[in-house]
Each structure stands twice: as structure tokens, then as C-alpha cells.
Amino acid sequence: MNNKKMTPLLAAGVAATMCATLGLAGCGGDGNRTNSEGKPIIKVTLIKRSTQIDAADMKLTQDLEAACDCEIEWEEILDTQWAQQASTVLASGDVGDITIWGYNADNFAQYDYWEDLSDDIDSMPNVKEYFETVPEAKMFASDLDGHVWQIPSDYGAASGAQWSSGQNMMINKTWLDKLGLEMPKTWDELTEVLTAFKNEDPNGNGEADEVPMLINQLGTVGFGWWSPFLLLNGTGQNTQVITGAGAQGIYVKDGKIGNWMLSDNFRQVIEYYHSLIEAGLMPADVLTRDASLNTADINSDGKTAKVGLIFGWNTGNFGDLRDEYVSMEVPAAPGVSYEETTWEPKFEDIYNGACVKAGLDEEHKAAALKMIDAWLDPELTMESYYGDLGTYIEKDANDENTYNVLKFQDDLSTFGLADRGLTWVRPGVTVTGDEDKVLAEEDGKVYEEQQSHVDEDDIVPNYVRLSTEDNTTVSNNNSTIWNYALPQISTWIQDGGLTDETWNQYIETLKSSGIEENIELWQKWYDEYMAKAA
């Protein structure tokens with residue numbers, strides 16, 4: 001597999017051309033630098049949100065520099081910019097000495113820019129403890145040949161997202177109560193509730209301004225977070241939209257991989273959504289209008305709610321109106337019993353973490369490894385996530401495993417790096433005072449029973465990945481599939497036109513575009529990883 005990778009030597013030639021042409025910041029910088037005191041300078045690349053504090057202004061910088069006996073040079077790139085810059089950086093090979101959050105398993109398979117850390121784990125006691133305690137983290141970090149390409153982050157049991165994978169179906173409970181309505185348990189009941197939301201002025205302002213339901217746009221590359229097709233769980237087809245496989249429609253049942261884009265369940269959801277639009281229960285342009293209109297409707301004026309139901313992260317999505325909303329179990333489709341309904345599974349909150357640039361000299365590599373290991377110290381992890389210890393978060397005086405968030409943000413500025421830093425929250429550690437986590441747990445626990453309807457063997461683990469060659473094949477097939485299918489699905493939902501004839505044509509087009517080949521390749525690598533895990 002390595003002979004297919006882009007190597008640093010080859011990338012150097014590409015970099016010279018690209019840097020001269022594009023004038024990229026950071027291009028051509030010499031590695032293995034030292035400061036005036038002779039200490040190694042380690043360039044750490046962070047991919048951040050615009051609302052997050054500069055890392056150089058955090059106590060974390062001093063603590064990490066003390067641990068590695070080095071100087072940190074932060075390179076901070078906004079995630080909105082990284083989406084465009086990543087391909088250029090990968091083509092040039094100009095990666096940071098350490099990069100946090102920026103790269104994934106596909107990058108590690110394709111490029112030889114990073115150090116294999118498999119022989120260095122014993123020199124990093126926190127990392128060693130981490131991998132022994134959370135074997136899924138080591139599997140996430142590794143390929144099938146045993147190379148360890150990154151030290152991933154894991155927010156552990158303290159994560160609110162673990163309860164529902166951060167996927168929630170949320171309804172205005174205040175409206176239900178005002179209208180004397182019960183929580184809908186079936187699609188028919190949901191339609192009745194949405195109709196009442198439309199016609200009976202539940203927000204009480206005397207205007208017909210209620211939007212009974214909103215769904216998110218489909219995008220251009222699959223089915224991501226808060227997808228409208230979470231409703232598939234009401235048909236008995238479980239989803240995993242937060243994973244690379246699930247975002248492609250891939251699922252597993254009794255060890256057999258399939259794609260729900262080919263299923264009658266998928267068609268049923270499309271037809272149901274179109275029926276809601278026909279009845280005026282969703283905006284007619286819900287999948288094509290500017291996403292900012294959804295945000296404006298959801299937040300309203302902060303006093304009078306306008307929206308009845310959405311899919312989202314948690315009830316915090318509604319801002320000052322959040323107390324009116326609760327998460328709800330997904331209603332059952334016609335002919336489906338409650339026992340057959342499902343929901344996104346609980347998951348280990350493990351995500352891309354720190355990788356180390358290949359080719360550092362011994363001194364710089366040692367400093368980089370010390371920094372990464374120190375970052376996983378319990379106190380530094382909390383300091384990284386929430387901000388300076390003693391100022392924005394504190395350790396409970398009576399329980400060393402409890403941390404209290406004192407202040408997470410000021411207006412829109414957060415005092416920590418949150419999930420864009422490196423994190424390992426150990427088992428038994430709890431965090432209080434983080435409202436987002438509290439809401440996520442309260443909202444996500446609603447789905448425990450429906451999650452229990454999914455057998456463990458019917459979940460594709462997030463560490464299952466394709467080889468470089470097969471990933472290229474699947475990606476090429478998906479480009480054709482998405483270009484055809486997503487606009488067609490949007491048209492069917494908004495405008496109708498889904499008949500037996502057009503559905504059969506759609507199925508044949510997906511097959512001719514390579515969807516069955518994709519299923520075969522995911523089956524191959526699912527079997528490989530399951531055999532290794534066993």
C-alpha cells in the first residue's frame with residue numbers, strides 16, 4: 001500500500017511549484033529549528049472555529065512548553081478555510097510538526113507525511129494508558145498492518161454526544177401542551193400534530209407564521225449529521241449518519257452490508273416528506289432555500305417560537321427558546337411496530353487527534369512526543385478543552401475526578417479549544433457546568449430504548465475503513481451517484497414525481513453508477529476488520 005503514497009521527496013517538487021504559484025504562508029519553512037536558547041521549535045497546526053481563543057493566549061501553551069522543553073509555534077487555520085486549504089497542503093507535503101484534528105485515515109493511507117508511532121507508545125505513558133484503557137482508540141489510530149498514524153481524541157463518558165451520536169429529533173413541547181396533544185408515536189400521528197401546529201396558532205401571536213417542520217438540505221456528498229433520513233429509523237432501518245460508511249447509506253444486517261438508498265424504506269421516507277410539503281407542513285423550498293432562513297426561523301426573535309420540529313444537535317439549537325423543546329423518539333412508519341423502530345447508536349466519542357510529521361530529527365521528534373503525551377494529562381486535557389485551570393474550569397475540592405466549568409465562553413468567544421485540541425477524558429471523570437453537555441445528555445437519553453432495538457452486530461464500527469485503492473474506487477463511484485441521486489431525491493421531496501417507473505429508473509441508474517461495487521468493497525473491509533477484532 002505504501003508504494004501508492006505521496007512521499008515527502010515527491011511532494012517537495014510539488015511544493016516548490018505550488019508555493020511559487022500560490023504564495024502559501026508557511027511554504028518553504030525549514031524544519032528542525034531551534035530558538036535562541038537552543039530549544040527545539042515545534043510547529044503545531046490547529047484547525048479551529050472562528051469563535052475559539054488563540055492558543056498562544058492560553059495557559060496550556062506554557063504548560064505544554066514546560067513538558068516538552070520546547071517552544072511552540074502555533075499555526076491556526078479556521079475550519080472554514082481548511083476545507084479549501086487541505087488539498088493544497090496535502091499536495092505540497094507542507095504539514096505541521098504536529099497537526100491536531102486536520103487529517104484522517106484516508107490521508108494516512110494516501111500520503112507518507114507522518115510518523116508511524118507504533119514503536120513510540122511505550123515512551124508515552126499517558127498514551128500507553130489510553131490505548132490499554134480504550135482499545136477502540138488504538139484501532140481508530142491504526143491501520144490493518146499495525147501502523148499507528150495518530151493519537152486520537154476521546155471525550156469518553158463525559159461526552160453528551162455519546163447518548164445519541166449528537167442526532168436528535170426535537171419538538172416544541174409547549175405547543176403540544178397548549179393544544180392538548182400527545183407526543184406522536186406514528187407517522188400518522190405526527191402528521192396530525194404538524195397540521196395542528198399549522199392551523200391552531202400554538203405560539204399565540206395571532207399570526208399564521210408557524211413552520212410545523214424543517215429538515216436540513218441534503219448537501220452534495222452524501223447524508224451527514226442531522227440528515228432528514230434519520231426518519232429511516234422509524235421504518236426499522238437503523239442509520240449511522242455520523243460515520244464515513246453511514247453517510248454513504250451503508251449499513252450492516254446480520255453481517256451483510258447493504259445500502260439503504262436502494263431500499264423501499266428510503267422511498268417511503270421520500271414519499272412521506274413530499275406529503276408534508278403538499279399539505280403545507282414544511283416550506284415548499286425547504287431543501288433549496290438558503291440555510292440561513294432555517295436558522296432565522298429556529299431562533300425566531302428569541303421570544304416567540306416559530307418552528308415545531310427539527311433534527312439537530314440538542315435543544316440548545318433553539319437558543320433562548322430551548323426550554324420549549326424536548327427530544328422525541330422517532331415515530332413508527334405505517335405497518336412498523338415500536339419494537340422495530342431504531343435510532344442512531346451510542347458511540348465512543350473518538351475522533352481525529354494528533355499526528356507527527358515524518359523526518360523530524362531525534363530532538364524534535366522527542367519533544368513532539370512529550371508534548372502529545374502531556375496533552376493527555378487529566379488536567380491539561382481539561383485546560384485544553386475548557387480554558388485555563390483555576391479561571392475557566394476548576395477541579396472539585398472534594399473529588400479529584402470531578403471538574404467544574406466556571407465560564408465556557410464570553411458572548412461568542414470560547415476560552416478553550418474544545419474538540420479542536422487533543423483530549424482524553426478518563427473513565428470515571430465527570431464534568432459539571434457544561435450546559436451543552438447537560439442538554440446533550442438530557443436529549444439523547446430519550447433514545448435508549450430505541451437504540452436497544454439495534455443488535456451490536458448490526459453496527460459498522462467507525463474504525464472500519466477501505467484501502468487507498470478501494471477508497472478511490474468508492475469515491476469515484478460516489479461522485480457519479482451523488483451528482484445524480486441527491487438532486488433527484490430533492491426534486492421528489494419538493495416537487496413529487498416519484499412513481500414505480502421513475503423509482504425503477506433510479507435504482508438502475510444507481511447500479512450502473514457502481515453502488516453495488518461499493519457495497520462489495522465495504523463488505524470486504526468490514527469482514528477484514530471484524531476478523532481482526534475477533
Side-chain angles (χ1 to χ4, degrees), residues 49 51-53 55 57-64 66-67 100-101 124-137 151-166 168 313-316 322-323 327 346-351 353-354 371-410 413-448 451:
R49 298 183 180 89
T51 56
Q52 289 172 327
I53 191 173
D57 295 334
M58 298 175 63
K59 182 176 175 291
L60 175 71
T61 297
Q62 304 166 29
D63 292 338
L64 291 176
I100 309 293
W101 195 85
M124 296 185 283
N126 284 322
V127 173
K128 184 177 181 180
E129 179 189 357
Y130 176 25
F131 282 179
E132 289 175 348
T133 305
V134 188
E136 294 85 357
I151 308 303
S153 285
D154 176 13
Y155 201 75
S159 170
Q162 68 168 320
W163 297 103
S164 61
S165 298
N168 290 286
W313 170 248
N314 62 41
T315 47
R322 58 185 168 274
D323 290 342
S327 280
K346 294 182 181 181
F347 76 113
E348 298 279 353
D349 197 2
I350 298 170
Y351 49 94
M371 187 191 307
I372 289 171
D373 194 60
W375 214 322
L376 297 185
D377 172 82
E379 292 191 2
L380 265 65
T381 276
M382 288 297 162
E383 192 168 75
S384 172
Y385 202 97
Y386 291 104
D388 296 355
L389 198 65
T391 302
Y392 303 117
I393 188 169
E394 65 179 3
K395 182 182 286 189
D396 192 290
N398 300 314
D399 184 356
E400 66 176 9
N401 288 321
T402 296
Y403 291 83
N404 306 312
V405 177
L406 304 175
K407 189 177 184 182
F408 184 63
Q409 65 182 45
D410 184 10
S413 297
T414 58
F415 302 116
L417 301 177
D419 60 343
R420 302 309 168 86
L422 187 61
T423 302
W424 176 37
V425 179
R426 286 162 169 77
V429 171
T430 59
V431 179
T432 65
D434 183 341
E435 183 181 10
D436 184 68
K437 298 295 184 294
V438 171
L439 289 175
E441 182 172 347
E442 288 178 354
D443 297 333
K445 279 188 172 181
V446 168
Y447 301 101
E448 286 184 307
Q451 288 168 331

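Computed over heavy atoms, backbone and side chain alike; hydrogens, waters and symmetry mates excluded.
Checked against a 6.0 Å centroid threshold, the rings of Tyr403 and Tyr386 do not count as neighbours.
Side-chain N or O atoms of Tyr155 include none that pairs as donor or acceptor with a backbone N or O of Ala418 at under 3.5 Å. Formation of a donor-acceptor pair under 3.5 Å by the Gln52 side chain with backbone atoms of Leu417 is found in this model. Formation of a donor-acceptor pair under 3.5 Å by the Thr381 side chain with backbone atoms of Trp375 is found in this model. In this structure, Thr61 contributes its side chain and Ala55 its backbone to a donor-acceptor pair below 3.5 Å.
With hydrogens and angles left out, the side-chain atoms of Asn314 and Asp436 include a donor and acceptor closer than 3.5 Å. A donor atom on one side chain and an acceptor atom on the other are found under 3.5 Å apart for Thr402 and Thr430.
The pair Lys437-Glu441 does not count as a salt bridge, with every side-chain nitrogen at least 4.0 angstrom from each carboxylate oxygen.
For the atom pair OG1 (Thr315) and CG (Asp443), the distance works out to 3.5 Å, reported to the nearest 0.5 Å. With rounding to the nearest 0.5 angstrom, the CG atom of Asn404 is 7.5 Å from the CD1 atom of Ile393. Rounding to the nearest 0.5 Å gives a distance of 7.5 Å between CZ of Phe131 and CE of Met124. The NZ atom of Lys128 lies 15.0 Å from the CG atom of Leu376; values are rounded to the nearest 0.5 Å. A distance of 8.5 Å separates OG1 in Thr432 from CG in Leu406, rounded to the nearest 0.5 Å. Interatomic distance, CG of Leu60 versus CE of Met382, reported as 13.5 Å (0.5 Å rounding).
A heavy-atom distance below 4.5 Å is not found between the side chains of Val127 and Trp424. Counting heavy atoms from C-beta outward, Glu129 and Asp373 have side chains that stay 4.5 Å or more apart.
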For Met58 and Ile53, what are the C-alpha separation, side-chain angles and deciding distance, and is it a side chain to side chain contact (heavy atoms under 4.5 Å, CB included)?
CA-CA 8 Å; Met58 298 175 63; Ile53 191 173; 3.7 Å; yes
Trace of the side chain to side chain contact (heavy atoms under 4.5 Å, CB included) decision for Thr391 with Glu383
CA-CA 10 Å; Thr391 302; Glu383 192 168 75; over 6 Å; no
Please test Val425 against Tyr385 for side chain to side chain contact (heavy atoms under 4.5 Å, CB included), starting from the C-alpha separation and ending with a verdict.
CA-CA 10 Å; Val425 179; Tyr385 202 97; over 6 Å; no
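In this structure, the side chain to side chain contact (heavy atoms under 4.5 Å, CB included) partners of Asn401, at least two apart in sequence or on a different chain, are Asp399, Val429. With sequence neighbours excluded, no residue forms a side chain to side chain contact (heavy atoms under 4.5 Å, CB included) with Gln62. Applying the side chain to side chain donor-acceptor pair (under 3.5 Å) rule to Asp388 yields no partners; only residues at least two apart in sequence or on another chain are considered.
Heavy-atom neighbours of Glu400 CD from other residues, nucleotides or ligands within 6.0 Å: at or below the threshold of 12.
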